[in-house]
Amino acid sequence: MSKQLQAMLEHNRHFVETKAYEPYLTSKLPNKKAVILTCMDARLIELLPKALGLQNGDAKVVKNAGAVVTSLEDSIVRSILVALYELEAEEVYVIGHHGCGMIGMEGSNIVEKAKSRSSTAAQIADTFESEAQAGAWLNGFTTVEENVSDSVQLLRTHPLLPDDTAVHGLVIHPETGAVDVVTEET
Ligand SMILES: [Zn+2]
């Protein structure tokens with residue numbers, strides 16, 4: 001077992017034994033009826049909820065690299081629809097951030113690295129039609145604002161999105177937590 005995992009499990013035992021979980025008890029339904037799509041960036045773990053005044057239990061949060069909705073069938077969309085239809089969420093917030101690692105990221109670089117680190121890289125074409133396609137799938141985006149509005153647009157036009165769902169697009173600063181509105185819906 002890795003040292004880090006060992007330390008985490010030790011912390012966990014103490015956390016549970018001392019009932020440190022008590023301040024976080026809440027229900028599975030989001031109190032603020034919100035579902036947030038944001039980036040997996042480690043700087044946002046605590047900063048984003050604090051900067052927006054969100055407590056444990058207030059929102060459903062879905063994360064991926066870049067806060068991107070890539071297609072109408074994206075698993076991110078599935079999660080958002082589950083939140084809207086089954087968990088009483090009513091508003092969607094797509095929150096990108098400045099300094100995102102996905103800005104200008106070239107998927108082909110990852111494919112090249114995979115060739116030296118993955119013993120199954122020769123089978124890329126079994127999953128993707130070509131290496132180029134795998135690279136395109138991994139590509140980042142040009143600007144945060146553009147990605148946020150593209151993702152918002154894709155969600156707004158989704159055939160399964162309830163008509164009365166507001167989809168907002170925001171960008172957060174990963175140090176100050178300052179938020180700018182890219183696109184809002186009233
Ligand atoms: Zn990011």
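Please read all numbers here as calculations on a predicted model, not as lab measurements. For ligands, and for the atoms within them, numbers begin at 1 and follow the listed sequence. Sequence positions, counted from 1, serve as the residue numbers for this chain.
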Item to complete: Decide, yes or no, whether a salt bridge links Glu91 with Lys32 under the criterion of side-chain N to carboxylate O below 4.0 Å.
Response: no
Discussion item. Does this structure show an ion pair linking Glu10 with Arg13, if we count only N-O contacts that are shorter than 4.0 Å?
Written reply: no
Response to the item:
Nearest heavy-atom approach of Gly96 to Val148 is N-CG2, 3.7 Å
Item to complete: Could you tell me how the ring of Trp137 sits relative to the ring of Phe128: parallel (under 30°), tilted (30 to 60°) or perpendicular (over 60°)?
Response: tilted
Discussion item. Which of the protein's N, O or S atoms come within less than 2.8 Å of the Zn ion (ligand 1), not counting waters?
Written reply: Cys39 SG, His97 NE2, Cys100 SG
Fill in: Electrostatic pair Arg78:Glu73 at N-O distance under 4.0 angstrom
no
Practice prompt. Taking Asp74 for its side chain and Val69 for its backbone only, find out whether a donor-acceptor pair lies under 3.5 Å.
Written response: no
